Colleague: 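Below is one structure. I have some questions about it.
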Amino acid sequence: MSRTSNRDRQQTPDPAEPELVTPPELLPVLEALRRREPIFHRPEFGSTRADFERMAATDFWEIGASGRCYSRAHVLDVLEHRAPDPAEHTWKTRDFHCRGLGPDTYLLTYTLEQGERVSRRSTIWRRNGDEWVIVFHQGTLVRVP
């Protein structure tokens with residue numbers, strides 16, 4: 001995997017945006033986390049409430065694209081009753097970047113395209129042995145010109 005930045009993949013880079021490059025030593029972490037995103041939408045990592053509970057730290061919370069904050073309990077309740085979205089197989093992810101935040105703690109950022117809805121996502125992940133746990137997640141809608 002090459003050290004490709006987000007700016008390298010953009011057709012016309014925005015000079016106001018940072019050039020995000022994942023350091024080579026974090027490329028294995030980037031790849032492991034990329035496979036898990038978007039969170040709670042990868043059946044190979046779990047699809048039951050018990051699976052989601054294992055994936056989310058006990059103090060997990062998120063900020064939705066609406067700007068509202070959601071507790072772990074609320075997110076788990078919604079996930080438990082969520083019907084599969086048939087359009088999920090058409091979603092596209094791109095512009096992944098990984099940054100170390102501390103021992104076994106990483107920030108993963110990327111762009112998610114859900115048809116016309118585009119959002120930037122950030123997830124803080126913590127590695128516990130061979131397992132990955134989600135500490136925090138945020139989705140921010142992007143205004144498409």
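Heavy atoms only: backbone and side chains are in, while hydrogens, waters and symmetry mates are out. Bear in mind the structure is a predicted one, so any value in this text is a computation, not a measurement.
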Colleague: Of all heavy-atom pairs between His74 and Tyr70, which one has the smallest distance, and what is that distance?
Modeller: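 Reported closest heavy-atom pair: CD2-CD2, 3.2 Å.
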Colleague: When you compare the side chain of Thr93 with that of Arg34, does any pair of heavy atoms fall below 4.5 Å?
Modeller: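 Counting from C-beta outward, Arg34 and Thr93 never come under 4.5 Å.
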Colleague: Are the side chains of Leu141 and Ser119 in touch, meaning some heavy atoms are under 4.5 Å apart?
Modeller: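 Yes. Closest side-chain heavy atoms under 4.5 Å.
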Colleague: My understanding is that only residues two or more places apart in sequence, or in another chain, count here; which of them pass salt bridge (Lys or Arg N to Asp or Glu O under 4.0 Å) with Arg82?
Modeller: none
Colleague: Below 4.5 Å, heavy atoms only, C-beta onward: do Arg127 and Val29 meet side chain to side chain?
Modeller: yes
Colleague: So, the side chain of Arg72 versus the backbone of Ala57: is there a donor-acceptor pair under 3.5 Å, distance only?
Modeller: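 Yes, the answer is positive, given that a donor and an acceptor are paired below the 3.5 Å cut-off.
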Colleague: How would you list all residue pairs meeting ring pair (Phe, Tyr, Trp, His ring centres under 6.0 Å) that involve residues 115-135, not counting sequence neighbours?
Modeller: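 Output for this query lists Tyr106-Trp132.
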Colleague: Mind jotting down which residue pairs meet the salt bridge (Lys or Arg N to Asp or Glu O under 4.0 Å) criterion with at least one end in residues 54-65? Sequence neighbours excluded, please.
Modeller: Asp51-Arg54
Colleague: Does Arg42 have any salt bridge (Lys or Arg N to Asp or Glu O under 4.0 Å) partners at least two apart in sequence or in another chain, and if so, which?
Modeller: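 Arg42 satisfies salt bridge (Lys or Arg N to Asp or Glu O under 4.0 Å) with no residue once adjacent residues are dropped.
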Colleague: Are the side chain of His137 and the backbone of Ser122 linked by a donor-acceptor contact shorter than 3.5 Å?
Modeller: yes
Colleague: Consider only side-chain heavy atoms of I, L, V, M, F, W and Y, link residues closer than 4.5 Å, and tell whether Leu107 and Phe136 are in one cluster.
Modeller: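 Leu107 and Phe136: one cluster.
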Colleague: Please identify which of these residues, Thr111, Leu108, Leu20, meets the side chain to side chain contact (heavy atoms under 4.5 Å, CB included) condition with Phe96.
Modeller: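 Of all the options given, the one that passes is Leu108.
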Colleague: In Å and rounded to the nearest 0.5 Å, what is the CD1 to OG1 distance from Ile63 to Thr140?
Modeller: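 These two atoms lie 7.5 Å from each other.
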Colleague: Going by salt bridge (Lys or Arg N to Asp or Glu O under 4.0 Å), name the pairs with one or both residues in residues 108-117, residues two or more places apart or in two chains.
Modeller: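 Passing the test, one end in residues 108-117: Arg94-Glu113.
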Colleague: Is it true that, when you exclude Glu131 itself, more than 12 heavy atoms of the residues, nucleotides or ligands shown sit nearer than 6.0 Å to its CD?
Modeller: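 Counting other residues, nucleotides and ligands, CD of Glu131 stays at 12 neighbours or fewer.
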Colleague: For the hydrophobic clusters of this structure (ILVMFWY residues joined by side-chain heavy atoms under 4.5 Å, transitively), does one cluster hold both Phe60 and Leu33?
Modeller: yes
Colleague: Decide whether Arg121 and Thr123 meet the rule of one side-chain donor and one side-chain acceptor closer than 3.5 Å.
Modeller: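 Note: Arg121 and Thr123 side chains miss the donor-acceptor criterion.
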Colleague: Could you tell me whether the side chain of Leu76 reaches within less than 4.5 Å of the side chain of Glu80, counting heavy atoms only?
Modeller: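 Glu80 does not reach Leu76 side chain to side chain.
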Colleague: Could you go step by step and tell me if Thr105 and Ile124 meet the side-chain contact (heavy atoms from CB on, under 4.5 Å) rule?
Modeller: CA-CA 7 Å; Thr105 305; Ile124 296 177; 3.8 Å; yes
Colleague: Which atom names give the shortest non-hydrogen contact between Leu112 and Pro38, and what distance separates them?
Modeller: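 What the structure gives for the nearest pair is CD1-CG, 4.2 Å.
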Colleague: Not counting sequence neighbours, which residues clear side chain to side chain contact (heavy atoms under 4.5 Å, CB included) with Glu88? List them please.
Modeller: His41, Asp85, Trp91
Colleague: Is there a path of hydrophobic side-chain contacts, each under 4.5 Å between heavy atoms, that joins Val135 and Leu101?
Modeller: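 Yes, because Val135 and Leu101 connect within a single hydrophobic cluster, where side-chain heavy atoms sit under 4.5 Å apart.
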Colleague: As an exercise, state the distance from CZ of Phe52 to CG of Leu79, rounded to the nearest 0.5 Å.
Modeller: 5.0 Å
Colleague: Examine distances only and state if a side-chain atom of Thr22 and a backbone atom of Cys98 form a donor-acceptor pair shorter than 3.5 Å.
Modeller: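 Between the backbone of Cys98 and the side chain of Thr22 there is a qualifying donor-acceptor contact (under 3.5 Å).
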